[in-house]
There are 2 protein chains.
Amino acid sequence: MSDLLQRLRDRGWRLTAQRRVIAEVLDGEHVHYTAEEVHARAVERLPEISRASVYNTLGELVALGEVVEVTTDGRAKRYDPNVHQEHQHLVCSGCGMIRDVRTEGDLMAALPFGERFGFAVDEVTVTYYGRCPGCAAAS
Amino acid sequence: MSDLLQRLRDRGWRLTAQRRVIAEVLDGEHVHYTAEEVHARAVERLPEISRASVYNTLGELVALGEVVEVTTDGRAKRYDPNVHQEHQHLVCSGCGMIRDVRTEGDLMAALPFGERFGFAVDEVTVTYYGRCPGCAAAS
DNA sequence: GTCTTGACTTGGACATAGTCCAATATAGGA
DNA sequence: TCCTATATTGGACTATGTCCAAGTCAAGAC
C-alpha cells in the first residue's frame, strides 16, 4: 500500500494529510471497512478529518481502480484495497466477517451464451455465505 | 404466484387486502422491484397501503423463503419472487436492468476446501455485470 | 523562501433507504 | 355477531450517503 501514494502522485493527486491517513487505514490484508469505519480509524490519527473527505477519497480510489466496493448485505458498502490479487468473498452469515478467497475454474464460462441475452458481459462477482468457526460453535 | 396466497394461508397467515396486493405486485417473471417500487405499484391498487406494511410483508416473505433479497449495487435492496427455480443474476451496468440467468456447473465446487477457513459454507451467489443491448448501442 | 492558484477539505443541510412504535383496525375462529 | 390476536398505520427516528459554498493548502513558478 505504501506505493499507492506514489501511484496517486503520479496521477496528479495532491497528497494531503487526509488522503495519506485514509491510505494508511486501508493498508493490510482482509480489510473490508465501511466508510464510517474508515472515518473512525482516520479520526484517531487526524482528529479533524471530515466524513465528506472520507467519502470523496474512497469514491476517487474506486474510480481509479485502487479499491473496490463490496456489498455483501444490504447495509453499508465496504471498501476492499486488495485489487492486485483477483479474489472473491466468503461471508459469515452470523457475524458478517469477510474473508478474501480464491476460486478455481472459469466463473465467466459458467454463464452459457444462450443465457447472455445480448449483454456484453465483462465482470463476475461471487460471494459464498456460511458460518465461521466462532459463530458455528456459538450456535 | 397465485398459490403463494394458499401457501401463506396454510402457514397461518391472515390474508389481508394489503398482503394480497403485495403478492399480486410480485407476480411475474424477472421481477426485481425495490421496496419503494413495490409500494408505488401497490398504492395503485390499494391507495391507503402504508410503506410500513410493505416493508413488514416483504421481510416476512423473505423469512419464509418465498422471496429473496438481491443487492446488486449499494442502493436499495430488490425483491425476487422467483425462488422455485435456482438462478443467478445478470445486471446491466448502464441502466441497472436485471435478468435471471441459469449457470452451468457446480459453483460451490469452485471454492477449494483450503480456501474455506473452517466455514460451513452453505450458499453461493453469482452476479454477472455487463451492458445490455440498449445501453451498448447508446454508448 | 514566498507567492499564487486551482484542487482539496470542511460542516452542515439535504436525500434516500429502512426501522420502530403506540394507537387503531380487522380477519377469522368461537 | 362478537372477540381478540394479529396486522396496519402515520410519523418519528436511524443509518448511509450526497451536495455545496466557503475556507484552506500543496506544490509549481519565481
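Proteins come first, then strands; the chains are lettered A, B, ... in the order of their sequence lines, and each starts at number 1.
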For a quick test of your reading: what N or O donor-acceptor pairs under 3.5 Å do the side chains of residues 38-47 of chain A make, sequence neighbours left out?
| residue | atom | partner | partner atom | Å |
| --- | --- | --- | --- | --- |
| A:H39 | NE2 | A:I49 | O | 3.1 |
| A:R41 | NE | A:Y33 | OH | 3.2 |
| A:R45 | NH1 | A:E24 | OE1 | 2.5 |

Side chain A:H30, main chain A:D100, donor-acceptor under 3.5 Å: yes

Range on DNA chain D touched by chain A - first to last nucleotide, heavy-atom distance under 4.0 Å: D:dA15 to D:dA27

Salt-bridge contact B:R11-B:E66 (side-chain N to carboxylate O under 4.0 Å): yes

Donor-acceptor contact below 3.5 Å, side chain A:E123 vs main chain B:Y129: no

Most 5' of B:R78 and B:A17 on DNA chain C, judged by nearest nucleotide: B:R78

Partner set under side-chain hydrogen bond (donor to acceptor under 3.5 Å, both in side chains) for A:T127, not counting sequence neighbours: none

A:C92 side chain near B:F119 side chain, heavy-atom distance below 4.5 Å: yes

Residue pairs, two or more places apart or on separate chains, that pass ring pair (Phe, Tyr, Trp, His ring centres under 6.0 Å) and touch residues 70-105 of chain A: A:H32-A:H89, A:H87-A:H89

Quiz item: cation-pi between B:R116 and B:F113, 6.0 Å / 45°: yes

Beyond-backbone contact of A:R78 with A:E37, side-chain heavy atoms, under 4.5 angstrom: yes

First encountered from the 5' end of DNA chain D, between A:W13 and B:R75: B:R75

Span of DNA chain C in contact with chain B (heavy atoms, under 4.0 Å): C:dT16 to C:dG28

Nucleic acid contacts - residues 40-54 of chain B versus DNA chain C, non-hydrogen atoms under 4.0 Å: B:R51, B:A52

Atom CD of A:E48 with >12 non-hydrogen neighbours under 6.0 angstrom: yes

